[in-house]
Enquirer: 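I'd like to ask some things about the structure below.
Sequence lines set the chain letters: A, B, ... in the order given, protein chains first and strands last, and positions in each chain run from 1. Side chains included, hydrogens not; waters and symmetry mates left out as well; all remaining heavy atoms used. Keep in mind that what you see is a predicted model, and the values were worked out from it rather than measured.
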There are 2 protein chains.
Amino acid sequence: MVKKSPVISVTVDAVVFGYAKTEGVSVLLIRRKYPPFKDEWAIPGGFVLEDESLEEAVKRELREETGISVKYLEQLYTFGAPDRDPRQRIISVAYFALVKTARFMALKADTDASVAQWFNITELPALAFDHKHILEKAIQRIQAKLRYEPIGFELLDKKFPFSDLERLYVSLLGREIDRRNFKKKMLSLEILDELDEYARNDGAGRPGKMFSFNKQRYTQLQKEGILFEI
Amino acid sequence: MVKKSPVISVTVDAVVFGYAKTEGVSVLLIRRKYPPFKDEWAIPGGFVLEDESLEEAVKRELREETGISVKYLEQLYTFGAPDRDPRQRIISVAYFALVKTARFMALKADTDASVAQWFNITELPALAFDHKHILEKAIQRIQAKLRYEPIGFELLDKKFPFSDLERLYVSLLGREIDRRNFKKKMLSLEILDELDEYARNDGAGRPGKMFSFNKQRYTQLQKEGILFEI
DNA sequence: CCAAAAGTGTTCAGGCTACACCCATGG
DNA sequence: CCATGGGTGTAGCCTGAACACTTTTGG
């Protein structure tokens, strides 16, 4: 028996994470311009075109809707409940993306704030469709992944003080970390380069030394079967 | 700008894992009856119908094509390269499934062996479409998952001797395990019940005590934040 | 009695956790 | 000189890895 394929549309959606020292980890959302769920907040995304890959579709939609371009992009999960869109049967392949602090800041100038906006992950608004569900899954995934892959660095600038890295982990994991133990473990992985540079001092306190993630070294260690784990 | 959704079909595919004491871990494949890739081996699957969920589609296709029904089913990854099917644009949501030994045996009687057949994961044939890629991803996933979730039990009978569990891990991870350390760790998790029963002795050797997985207890421990890790 | 498979404890090393005081800077 | 944030070491505990002989059964 050969079956006919029914009419099902395919979209991609992207949960974009950003980090800023003062605000912790945030997610990029857009305000919908058209029904259904007009004027409600939603994860950016849209239909996949006939001759583009899923990843290309995500990158295109992010460019069109928010103006940002991401470097780290990973497939999250595919949502396909028959009633998840009131108009028609739509299956959504969800991704999560990480952007560096610098780009994160850039958005604030570039984009009309009423269309695309960052929300701290602890203060999320109501969301259209099943997007709340998608976002929860994305947060779960990034929390889990943070502990066995060095993805945190994708959210930081190239050079960062150690305290930034620590704050990022605290913000994402939602609990305190012992500074000494964290630094000891992180340095023992030998994937950080200590630079001869100090953070600019904005306000008070001793300026911290800058570090950078040594991706080459990480790839090398990975090949040798040595794992990142925190 | 509102975009029209292009014509893209959605299929589901399922990598079904089974385990038998004598043969180790195997995968269920079907021989294709129609072009493209006629007479080649493929992962079972097919088109998603308009009003069924993705999981329902997987279960239906497995029933239709192989006669088995699975209990454990988990989404693996969605494959959507524009050229992955020579006929038209098709996006496939891949799942992996685990079946208990008993059902695994049942198939051999039920099904025409030239249509559906088990293959040991170390002796796989060439596969249609990008199914080799899908299968590799599934094996990676189950190997990783085995170490932090008690999914191995889904492949065993309700009651099993400890040696079966050990053989399963050896077969899936592809390396030897120290029996004493493995048993110590497994028992320390307190998710196994030791029964007052012994394995039937087929051949030689001392009969082993039977155990069963205490799922309730596992769920309880999980709630308390205690993790399975092996 | 021989072959096959199951059962069982100890030791050592390395990693994880807990914990508190000093230092550099700006205001 | 005070407030703020960064930098640093040690000791106890626990977990994971290595390792070999005895017991039960069937043939």
Side-chain angles (χ1 to χ4, degrees), chain A residues 19-24 146-148 156-157 159-171 173 175-212 221 224-230, chain B residues 20-24 146-148 156-157 159-171 173 175-212 221 225-230:
Chain A
Y19 169 78
K21 186 177 170 178
T22 49
E23 295 156 55
L146 200 61
R147 322 184 91 250
Y148 64 88
L156 297 175
D157 286 321
K159 301 172 183 180
F160 52 88
F162 217 95
S163 54
D164 258 32
L165 186 61
E166 190 194 327
R167 259 193 294 270
L168 169 61
Y169 272 75
V170 169
S171 169
L173 300 178
R175 58 177 162 79
E176 291 309 307
I177 290 178
D178 182 281
R179 207 193 319 159
R180 280 171 291 191
N181 292 338
F182 179 72
K183 190 164 185 178
K184 208 188 312 168
K185 225 189 316 190
M186 222 17 124
L187 290 179
S188 76
L189 299 170
E190 300 190 304
I191 55 173
L192 290 183
D193 292 338
E194 188 166 351
L195 308 177
D196 280 330
E197 236 176 290
Y198 290 83
R200 294 193 359 81
N201 201 332
D202 38 79
R206 174 175 174 176
K209 233 181 183 177
M210 301 295 264
F211 290 80
S212 69
L221 289 173
E224 294 168 12
I226 293 159
L227 299 176
F228 177 93
E229 206 170 304
I230 204 85
Chain B
K21 186 177 171 179
T22 48
E23 295 157 55
L146 200 61
R147 320 184 92 250
Y148 64 89
L156 297 175
D157 286 321
K159 301 172 183 180
F160 52 88
F162 217 94
S163 53
D164 259 31
L165 186 60
E166 190 195 327
R167 260 192 293 269
L168 169 62
Y169 272 75
V170 169
S171 169
L173 300 179
R175 58 177 162 77
E176 290 309 307
I177 290 177
D178 182 282
R179 207 189 324 156
R180 280 170 292 190
N181 291 339
F182 180 71
K183 190 164 185 176
K184 209 188 311 167
K185 225 187 321 188
M186 225 11 127
L187 290 179
S188 76
L189 299 170
E190 299 189 304
I191 55 173
L192 290 183
D193 293 336
E194 188 166 350
L195 308 178
D196 280 329
E197 237 176 290
Y198 290 82
R200 296 194 0 81
N201 200 332
D202 38 77
R206 176 173 172 175
K209 234 182 182 175
M210 300 295 264
F211 289 80
S212 69
L221 289 173
I226 294 161
L227 299 175
F228 177 93
E229 206 170 304
I230 204 85

Enquirer: If only atom types and distance count, is the side chain of A/Ser171 paired as donor or acceptor with the main-chain N or O of A/Leu168 below 3.5 Å?
Expert: no
Enquirer: Rounded to the Å, how far apart are B/Leu165 CG and C/dA6 C1'?
Expert: 14 Å
Enquirer: Nearest whole angstrom, please: distance from the P of D/dA18 to the NZ of B/Lys185.
Expert: 11 Å
Enquirer: At under 4.0 Å between heavy atoms, which parts of nucleotides 19-27 of chain C does protein reach? Answer with one letter per nucleotide, 5' to 3': B base, S sugar-phosphate only, - none.
Expert: BB--BBBS-
Enquirer: For the atom pair NZ (A/Lys21) and CG (A/Leu156), what is the distance rounded to the nearest 0.5 Å?
Expert: 11.5 Å
Enquirer: Say you draw a straight line from CZ of A/Arg167 to CD1 of A/Ile177; how long is it, rounded to the nearest 0.5 Å?
Expert: 12.0 Å
Enquirer: Can a side chain N or O of B/Lys183 be found less than 4.0 Å away from OP1 or OP2 on C/dT8?
Expert: yes
Enquirer: Nearest whole Å is fine: how far is D/dG26 P from B/Arg200 CZ?
Expert: 11 Å
Enquirer: Can you measure B/Glu176 atom CD to D/dA18 atom C1' for me and round it to whole angstrom units?
Expert: 15 Å
Enquirer: With sequence neighbours left out, write down each residue that passes salt bridge (Lys or Arg N to Asp or Glu O under 4.0 Å) with B/Lys159, or none if nothing qualifies.
Expert: B/Glu197
Enquirer: Kindly give the heavy-atom pair with the smallest separation between B/Tyr198 and B/Met210, and that separation in Å.
Expert: C-CG, 3.9 Å
Enquirer: Rounded to the Å, how far apart are B/Asp164 CG and C/dA5 C1'?
Expert: 12 Å
Enquirer: Could you state the atom-to-atom distance from CD of A/Glu194 to C1' of D/dG6 in whole Å?
Expert: 13 Å
Enquirer: Within the pair A/Ser163 and D/dG5, is there a side-chain N or O less than 4.0 Å away from OP1 or OP2?
Expert: no
Enquirer: Can you tell me the distance, in whole Å, between the CD1 atom of A/Ile230 and the P atom of C/dT17?
Expert: 10 Å
Enquirer: Please report the distance, rounded to the nearest Å, between CZ in B/Phe182 and C1' in C/dA5.
Expert: 16 Å
Enquirer: Could you pull out all residues at least two apart from B/Lys209 that satisfy salt bridge (Lys or Arg N to Asp or Glu O under 4.0 Å)?
Expert: B/Glu194
